[in-house]
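The block underneath contains the structure these notes are about, expressed in structure tokens.
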Amino acid sequence: MSGSYTNEDYVPSFEELKVPELPISSSTLRTASLYMGKYCDEQCKEFMLCNEELKDPIRCLNEGKEVTRCGYEFLKKVRLNCREEFNNYHSCLDLHGGKSMHFRNCRDSQQPLDDCLFRTMNLERPESGYFVQRRFHSSTRPPPPDLRRKYERLPPMADLAEMPKEQKPYPCDC
């Protein structure tokens with residue numbers, strides 16, 4: 001996508017751009033992050049694939065909305081099934097996690113949340129390094145258009161055995 005727009009370019013309306021945001025604090029998001037990332041893994045990968053392939057955020061609005069919808073769904077299920085365990089873990093991270101909200105300071109309150117999410121949602125906490133591993137994703141979207149530059153094929157090289165005799169580069173009368 002070029003840096004300037006023309007009248008032919010599609011620009012979404014404000015209604016198309018409007019998506020309800022998750023009304024949560026950073027410590028709540030940090031508490032849910034690993035579990036939500038795994039729960040919404042397919043939606044996140046589809047969104048990232050769209051952004052990488054199309055290089056146009058406007059064309060990936062629906063995939064982004066789907067990530068937000070999945071986040072809402074996850075938090076509703078947690079509130080319904082594991083509210084107490086989640087709140088205990090959240091309080092620990094908020095109070096004892098330090099400025100970076102380190103998980104290591106709250107392992108005792110993390111385990112009951114792990115157990116509850118596994119028991120009620122069949123969701124395991126991802127192992128360390130899960131989100132940086134190469135993971136494959138099958139997409140239902142059509143492949144992106146081929147945006148590579150098309151080059152003309154060069155004519156075949158002359159046969160070197162039949163090269164003309166050497167000529168002077170500049171004809172002169174000297």
Side-chain angles (χ1 to χ4, degrees), residues 1-82 86 89-90 93 100-104 110 113-160:
M1 192 165 112
S2 67
S4 62
Y5 290 99
T6 66
N7 288 337
E8 289 79 36
D9 289 327
Y10 171 73
V11 178
S13 69
F14 285 114
E15 288 305 312
E16 289 175 278
L17 293 173
K18 195 170 187 175
V19 177
E21 295 188 23
L22 295 172
I24 57 177
S25 67
S26 58
S27 58
T28 304
L29 186 58
R30 177 76 168 149
T31 304
S33 63
L34 293 175
Y35 309 100
M36 189 186 311
K38 191 164 184 187
Y39 184 83
C40 299
D41 198 30
E42 292 303 308
Q43 293 85 348
C44 291
K45 286 191 282 191
E46 189 68 26
F47 176 66
M48 296 304 291
L49 181 66
C50 180
N51 273 331
E52 183 60 31
E53 286 182 343
L54 301 180
K55 308 270 191 250
D56 183 1
I58 291 173
R59 293 173 61 193
C60 299
L61 287 175
N62 289 333
E63 289 81 357
K65 288 178 181 180
E66 187 59 25
V67 172
T68 303
R69 185 211 55 77
C70 183
Y72 266 111
E73 178 184 294
F74 172 76
L75 291 172
K76 284 178 186 177
K77 286 183 176 184
V78 168
R79 188 176 343 137
L80 181 67
N81 297 308
C82 302
F86 186 86
Y89 186 42
H90 170 259
L93 281 177
S100 298
M101 293 180 263
H102 292 291
F103 295 123
R104 68 175 173 260
Q110 183 183 37
L113 179 59
D114 287 349
D115 295 340
C116 181
L117 290 173
F118 183 71
R119 187 177 66 254
T120 61
M121 296 171 58
N122 198 28
L123 182 65
E124 291 186 70
R125 178 172 39 93
E127 67 276 0
S128 181
Y130 174 80
F131 294 107
V132 296
Q133 293 173 357
R134 179 175 290 158
R135 294 171 287 132
F136 295 97
H137 173 69
S138 292
S139 179
T140 57
R141 286 183 320 100
D146 188 2
L147 300 176
R148 293 178 293 183
R149 184 174 168 191
K150 305 288 188 224
Y151 292 97
E152 263 184 49
R153 194 169 263 305
L154 295 174
M157 196 168 143
D159 185 8
L160 296 179

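The structure displayed is predicted, hence computed values, not measured ones.
- By the side-chain contact (heavy atoms from CB on, under 4.5 Å) test, Cys60 is found to be paired with Phe47, Cys50, Asn51, Leu54, Glu63, residues two or more places apart in sequence or in another chain being considered.
- No side-chain heavy atom of Phe118 sits less than 4.5 Å from a side-chain heavy atom of Asp114.
- Atom CD of Glu127 has more than 12 heavy atoms from other residues, nucleotides or ligands within 6.0 Å.
- The NZ atom of Lys77 lies 11.5 Å from the CG atom of Leu117; values are rounded to the nearest 0.5 Å.
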Passes salt bridge (charged side-chain N to carboxylate O under 4.0 Å, His left out), Lys38 versus Glu124? Steps please. CA-CA 8 Å; Lys38 191 164 184 187; Glu124 291 186 70; 5.5 Å; no

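- A distance of 5.5 Å separates NE2 of His137 from CD of Glu42, quoted to the nearest 0.5 Å.
- You'll find the side chain of Met121 stays beyond 4.5 Å of the side chain of Tyr35, heavy atoms only.
- In this structure, Arg135 satisfies the cation-pi test against Tyr130, with its NZ or CZ atom closer than 6.0 Å to the six-membered ring centre and inside 45 degrees of the ring normal.
- Using a distance-only test at 3.5 Å, with no hydrogens or angles considered, no donor-acceptor pair links the side chain of Arg125 to the main chain of Leu34.
- We find the CG-CG distance between Leu75 and Leu29 to be 8.5 Å, quoted to the nearest 0.5 Å.
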Ser26 vs Met101, test: side-chain contact (heavy atoms from CB on, under 4.5 Å). Steps then yes/no. CA-CA 9 Å; Ser26 58; Met101 293 180 263; 3.9 Å; yes

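- Taking each heavy atom of Gly71 and Cys40 in turn, the nearest pair found is N-SG, 3.7 Å.
- Two residues are said to be in side-chain contact when any heavy atoms from C-beta on lie closer than 4.5 Å; Cys82 and Thr120 meet this criterion.
- Using a 4.5 Å heavy-atom cutoff, the side chains of Val67 and Cys44 are in contact.
- Between the side chain of Ser139 and the backbone N or O of Arg141 there is at least one donor-acceptor pair closer than 3.5 Å.
- A distance of 12.5 Å separates CZ of Phe74 from CD of Gln43, quoted to the nearest 0.5 Å.
- Two residues are said to be in side-chain contact when any heavy atoms from C-beta on lie closer than 4.5 Å; Arg79 and Phe86 fail this criterion.
- In summary, Glu66 and Arg69 engage in a salt bridge, as defined by a charged side-chain N under 4.0 Å from a carboxylate O.
- A search for ring pair (Phe, Tyr, Trp, His ring centres under 6.0 Å) contacts involving Phe103 returns nothing, not counting sequence neighbours.
- For the atom pair CE of Met36 and CZ of Arg30, the computed distance is 13.0 Å after rounding to the nearest 0.5 Å.
- Side chains of Ser25 and Thr28: a donor on one and an acceptor on the other come within 3.5 Å.
- Salt-bridge formation is not detected for the pair Asp115/Arg119: no Lys NZ or Arg NE/NH1/NH2 atom is positioned less than 4.0 Å from an Asp or Glu carboxylate oxygen.
- How far OG1 of Thr68 is from NZ of Lys65: 9.5 Å, rounded to the nearest 0.5 Å.
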